[in-house]
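Shown next, in structure tokens, is the structure this report addresses.
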There are 2 protein chains.
Amino acid sequence: MRTSTLSTPNNGAPPRPAVALKLEAFTRLSGDDVAALQRLTRNLRTIEARRDLIREGEVPVQTHLILKGWACRYKSLPDGKRQIVSLLVPGDLCDLNNHVLREMDHSIGAITSLKVSLISRDEMEALTAEHPRVAQALIWDALVDQATQREWLLNLGQRSAYSRVAHLMLELFLRLRTVGLTIGQSCDFPATQNDLADATGLTAVHVNRMLQELRADGLLELERRRLFIPDLEALRTAAMFNPNYLHLDHEGRSLDASV
Amino acid sequence: MRTSTLSTPNNGAPPRPAVALKLEAFTRLSGDDVAALQRLTRNLRTIEARRDLIREGEVPVQTHLILKGWACRYKSLPDGKRQIVSLLVPGDLCDLNNHVLREMDHSIGAITSLKVSLISRDEMEALTAEHPRVAQALIWDALVDQATQREWLLNLGQRSAYSRVAHLMLELFLRLRTVGLTIGQSCDFPATQNDLADATGLTAVHVNRMLQELRADGLLELERRRLFIPDLEALRTAAMFNPNYLHLDHEGRSLDASV
DNA sequence: CGTCTGGTTGATACGACTCAAATTTGGTGG
DNA sequence: CCACCAAATTTGAGTCGTATCAACCAGACG
């Protein structure tokens, strides 16, 4: 009894990979585009939970595509403090173009155990050369990433601890929804309160208190690695959440592939 | 008696525009490359201090290049709070590729009166097609922008108010230095304490106190729109500043134009 | 069954905010 | 050149949000 009534209908067809689902929030892809994205998953790698995928100071080479699990980009201070600067979920790409820089200025760590695909620069160039629609969608994706970073700055700089936590949870929920990883009003949510603390610039203790308050207010429940949002609209208000930065409304529809 | 002894020697040649100086922190440009960058300044626009260049919700069209003055990207919350998410100084480009998005998710405001150049998408495409070295440098520049956003997240999330202010000032000083806008250990610094507050997520009152403390500690002086840093190394330590994110060490030198 | 990681609770401390007023600076027009 | 005004900075007193520290508890796992 858990048919995913909310995901895109997909009768019989092979399941679209998360990255395709995400890019289709921008423009409709052709079967050929999707197949090309499928083919990016040739060079797989598995990473254990809590290991680093790549560390500050190393030389960036391939692009990574998250297939399964959660990861985070983070930066650390000499005094040991850590800031998570973005969360990566299935369908997210990291380090497009990064070969231009000589060394990483931040690290990427696995939150859960991870399945990622390594994509060489050549592969990526071939993809964008042969699939201009995908190329455009990748630019859109990169711009959305940047917009998300800006929204996080707003979050850290101006929102109260309460709205800050609410905002983060809601963003993740919506991002997971676009890649088909929600069921109704809930989704897996493997980040620990410690991770949430590092992402919001709060302490784990305070995150815990905010989560309890949010729960008491009927805005969300987080338990056993599972998030449930009883009332999206109420949470949206509490978080002062404006979804415009996610640019999810098919802005590139003029490029849509004919069905 | 104000020969700028610290800028790149430039005997008799026409002065390099700020954007060229900046890109040359990545790779040495040819005379032709520089000339092409010069030609980007055909469509000029002047903006008064404290006016907006473009507002959230508007349709992004051209790319802007800051020629003179300071600007900032910012986002606001329904309750009126404002977060500056980046500061723009001469040589900075905004919204490369932004035409892909249908609407701006943030605004750009002038801090001082501003001279900017408007660059059409076609102009930009011609430039990158004809000047691959510049194209690479622009990619580098965009990556540095993103790295800077990440560093700001670290700043807001993990540094104390004291280091946070120190870090911001030092970053600006170094960025201005790469475009030749410092004289020795000082530079113009037109941002108000209010601007600094909005950029650091502090209140103006508290920024004021931190500046006084930094001054008392001999780390910097800010007065009459002018910044002076007596001891860069001491400030670097206090700010826990790691310059790696600015990627200023000619990482693309393998692409250098022959002199 | 014991260990470990993550979550929860309470008491206390402090960094940063708020509010309000005074002062200085910079710009403008007489 | 001075008088005036608005904007920016500075100061002080009091408060509040979030951090800190230290236990304790609950599941997950070997």
Side-chain angles (χ1 to χ4, degrees), chain A residues 48-51 70 72 77 79-84 109-113 155-166 168-169 188-216 220-227 238, chain B residues 48-51 70 77 79-84 109-113 155-169 188-216 220-227 238:
Chain A
E48 281 176 63
R50 303 294 158 189
R51 287 281 161 71
W70 288 27
C72 63
L77 246 24
D79 65 5
K81 294 198 159 111
R82 177 175 92 132
Q83 177 66 36
I84 290 180
I111 287 182
T112 64
S113 77
N155 212 24
L156 290 191
Q158 305 300 336
R159 271 185 268 255
S160 68
Y162 181 85
S163 313
R164 212 185 293 183
V165 173
L168 180 63
M169 308 298 284
D188 281 335
F189 201 99
T192 65
Q193 294 184 6
N194 228 308
D195 296 326
L196 294 177
D198 287 347
T200 52
L202 302 167
T203 58
V205 171
H206 206 56
V207 165
N208 180 277
R209 290 176 170 139
M210 294 303 103
L211 287 171
Q212 288 181 52
E213 230 177 276
L214 286 163
R215 165 166 227 179
L220 60 79
E221 290 168 34
L222 179 58
E223 215 182 350
R224 314 296 205 82
R225 312 276 108 113
R226 197 135 185 103
L227 170 66
Chain B
E48 281 176 62
R50 302 294 157 191
R51 287 282 159 71
W70 287 28
L77 245 25
D79 65 5
K81 293 197 160 111
R82 177 176 94 131
Q83 177 67 36
I84 291 179
I111 286 182
T112 64
S113 77
N155 212 25
L156 290 190
Q158 306 299 336
R159 270 185 268 254
S160 67
Y162 181 84
S163 315
R164 211 184 293 182
V165 173
H167 192 280
L168 181 63
M169 309 297 284
D188 281 335
F189 201 99
T192 65
Q193 293 184 9
N194 227 310
D195 295 327
L196 294 176
D198 288 347
T200 52
L202 302 167
T203 57
V205 169
H206 206 56
V207 165
N208 181 276
R209 289 175 170 139
M210 294 303 105
L211 287 172
Q212 289 181 52
E213 231 178 274
L214 287 162
R215 165 167 226 179
L220 60 79
E221 290 168 33
L222 181 58
E223 215 182 351
R224 313 299 203 82
R225 312 277 105 114
R226 196 137 186 102
L227 170 65

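In what follows, chains carry the letters A, B, and so on, assigned in the order in which the sequence lines appear, proteins first and then strands, with residues in each chain numbered from 1. These numbers were taken from a predicted model, which means no experiment stands behind them.
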> Between dG17(D) atom C1' and Glu213(A) atom CD, what is the distance in whole Å?
Replying inline: 11 Å
>> Five pairs per end, C1' atoms only: what is the angle between the end axes of the helix from dT8(C)-dA23(D) to dG30(C)-dC1(D), to 10 degrees?
In response: 50°
> What is the distance, rounded to the nearest whole Å, between atom CG of Leu214(A) and atom P of dT8(C)?
Replying inline: 13 Å
> Is the distance from OP1 or OP2 of dG7(C) to the nearest side-chain N or O of Gln212(A) less than 4.0 Å?
Replying inline: no
> Do the side chain of Gln158(A) and the main chain of Arg82(B) share a donor and acceptor less than 3.5 angstrom apart?
Replying inline: yes
> Can you list, by residue number, the residues of residues 191-199 of chain A that have a non-hydrogen atom closer than 4.0 angstrom to DNA chain C?
Replying inline: Thr192(A), Gln193(A)
>> Holding to salt bridge (charged side-chain N to carboxylate O under 4.0 Å, His left out), I want the full list of residues that pass it with Arg226(B), two or more places apart in sequence or in another chain.
In response: Asp188(B)
>> Quick one, Gln83(A) with Leu156(A), criterion side chain to side chain contact (heavy atoms under 4.5 Å, CB included). Give me CA distance, side-chain angles, the key distance, then yes/no.
In response: CA-CA 11 Å; Gln83(A) 177 66 36; Leu156(A) 290 191; 3.6 Å; yes
> Considering residues at least two apart in sequence or located in another chain, which fulfil the salt bridge (charged side-chain N to carboxylate O under 4.0 Å, His left out) criterion with Arg51(B)?
Replying inline: Glu48(B)
> Between Arg50(B) and Asp195(B), is there a salt bridge with N-O shorter than 4.0 Å?
Replying inline: yes
Check the interface with nucleotides 23-26 of chain C: list each N/O to N/O pair with the protein under 3.5 Å, or write none.
unit_1, atom_1, unit_2, atom_2, d
dG26(C), OP2, Arg224(B), NH1, 3.2

Could you list, one pair per line, each protein nitrogen or oxygen that sits under 3.5 Å from a nitrogen or oxygen of nucleotides 20-25 of chain D, together with the distance?
none

